[in-house]
There are 2 protein chains.
Amino acid sequence: MLSTVPSTPPLTETAVLAALAPEGGRPGGATDVSDTAVRIMLAAADAFAEHGFPATTTRDIASRAGLSPAGVYVHFASKEVLLFEISRRGHARARDLLVEAARDAASPTEALRAIVGGFSRWHAEHHQLGRIVQFEFRHLSPEHRAEVIELRKDIDGVVADVLRAGVESGELDVDDVPATALALLSMAIDVARWYVPGGRRTPEAIERTYGDLAVRLAHGRG
Amino acid sequence: MLSTVPSTPPLTETAVLAALAPEGGRPGGATDVSDTAVRIMLAAADAFAEHGFPATTTRDIASRAGLSPAGVYVHFASKEVLLFEISRRGHARARDLLVEAARDAASPTEALRAIVGGFSRWHAEHHQLGRIVQFEFRHLSPEHRAEVIELRKDIDGVVADVLRAGVESGELDVDDVPATALALLSMAIDVARWYVPGGRRTPEAIERTYGDLAVRLAHGRG
DNA sequence: GTCTATATATGGATAGAC
DNA sequence: GTCTATCCATATATAGAC
């Protein structure tokens, strides 16, 4: 639960750029955006994570990006579109992370450790982006929400698939696969809510701890 | 993660009244409030849970409570005070629930099952209130936040105490007590984010599942 | 204690110059 | 593509009658 107030420092570009920058080099999927647009997204992500979407003003976003309020609208049609772009890229990046981790693992047990640990670490390292992805979802327009939902289904699916594979191979023992997948995702997602950058737990430690907990939970009676 | 949009129906009075109504009969601790004040708190809790604190208008609250906008200010000095009252009562109720469940259990294992299962069920049954307690925290004033933080520390403490008692008695096997306590709380808290009233999982099923998962997690290698 | 009416501020978004 | 200036809607909270 953690009883401290998360004091969110400005996003360092290095920490988040990778998740918001255009999906470089992928044939077909590349939506090219200008440097200024990326700068605005970084500024907005910072502000949304700190105050939430409704409490963030376009003036605040513009000011953080070093622009006038009107300057933002050259690159994004509305505040909501800005939220959507950040949210879409964040979801896609999180999904890619999980898919790759699951694919590269040697066994279902190691896949489980890798995806839950990695997803938890991601929600620590990118906790501002994680908060937007997980907690500002409802402020998207119905159309944009529908698009993001597809990405969320993929994410659910990766975890459930790994659990099912482990149960089939006999490596894992899970009573209720969907419920366990959901609980494991909850553990990782909630990291974005309580994580504080300078705190005792580092993203690396969180990865180890949560990866271990996931394996423990799914091995069970043994 | 759950990919659906939580459609939050109006709070039924029966579902939440118990958590917002004055702490009846307790000597000294009773802050008496009028029926109208309770009605306003119910209306505000409904609106806050649906749209979040900043996106909720006082007009919406007043309208749901059957009052004019001005009528609200007779009972609460500001929208933030209203959030604080709801938040304080919600936290206190959740804490009391945990303390009682831990106290009444026959063993650390059963205490663990009861508190994690009960806390999870609470976040389903009172998911509107749970969302406010867990996700609107940052919108409290610094003074009010400080007061709520004390209640949050109590909640953390109950879980950690049960785990420690189990480890000491040899019933439970936990590597890192604070980290495990945090992860278990995360599982339960996150229920408030994804729970949908008419969905497949009932509060009772959630209680069972999450209680079992907690015991599994803390028994480990056995 | 509730209302109508409104003061006052603030926000999202646009117009039009450069 | 960026700016200054501003429109217009909406929000919190208050004044004052009943």
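Numbers restart at 1 for each chain; the letters A, B, ... are given by sequence-line order, proteins then strands.
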Among C/dT2, C/dA13, D/dA13, find the nucleotide with the atom closest to the side chain of B/Leu67.
->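 Minimum distance to the B/Leu67 side chain belongs to C/dT2.
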Which one, D/dA13, D/dT2, C/dT4, comes nearest to the side chain of B/Ser68?
->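 Among D/dA13, D/dT2, C/dT4, the one nearest the side chain of B/Ser68 is C/dT4.
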Does [Y] offer a backbone N or O that forms a donor-acceptor pair with the side chain of [X] under 3.5 Å?
X	Y	answer
A/Gln134	A/Ala192	no
B/Ser120	B/Tyr210	no
A/Glu136	A/Phe53	yes

Rounded to whole angstroms, how far apart are [atom1] on [X] and [atom2] on [N]?
X	N	atom1	atom2	answer
B/His51	D/dT10	NE2	P	15 Å
A/Leu82	C/dA13	CG	P	10 Å
B/Asp35	C/dT2	CG	P	11 Å
A/Phe48	C/dG11	CZ	P	14 Å

Other residues, nucleotides, ligands: >12 heavy atoms within 6.0 Å of B/Asp35 CG |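 No - once you tally the heavy atoms of other residues, nucleotides and ligands closer than 6.0 Å, there are 12 at most.
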Carefully, step by step, assess B/Glu85 and B/Arg88 under the rule salt bridge (Lys or Arg N to Asp or Glu O under 4.0 Å).
-> CA-CA 5 Å; B/Glu85 283 300 326; B/Arg88 187 177 65 78; 3.0 Å; yes
Just do the salt bridge (Lys or Arg N to Asp or Glu O under 4.0 Å) check on B/Asp60 and B/Arg64 with the steps written out, would you?
-> CA-CA 6 Å; B/Asp60 185 17; B/Arg64 288 180 199 242; 3.1 Å; yes
In residues 55-63 of chain A, which ones come under 4.0 Å of DNA chain D, going by heavy atoms?
->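 Contacts with DNA chain D under 4.0 Å: A/Arg59.
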In residues 70-77 of chain B, which ones come under 4.0 Å of DNA chain D, going by heavy atoms?
->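 Within residues 70-77 of chain B, the residues near DNA chain D are B/Ala70, B/Tyr73.
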Parallel, tilted or perpendicular: ring planes of B/His144 versus B/Phe84, cut at 30 and 60 degrees |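 Judged by the thresholds at 30° and 60°, the geometry between B/His144 and B/Phe84 is parallel.
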Which class fits the ring pair B/His126 and B/Trp122: parallel under 30°, tilted 30 to 60°, perpendicular over 60°?
->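 Rings of B/His126 and B/Trp122: tilted, as their planes differ by 30° to 60°.
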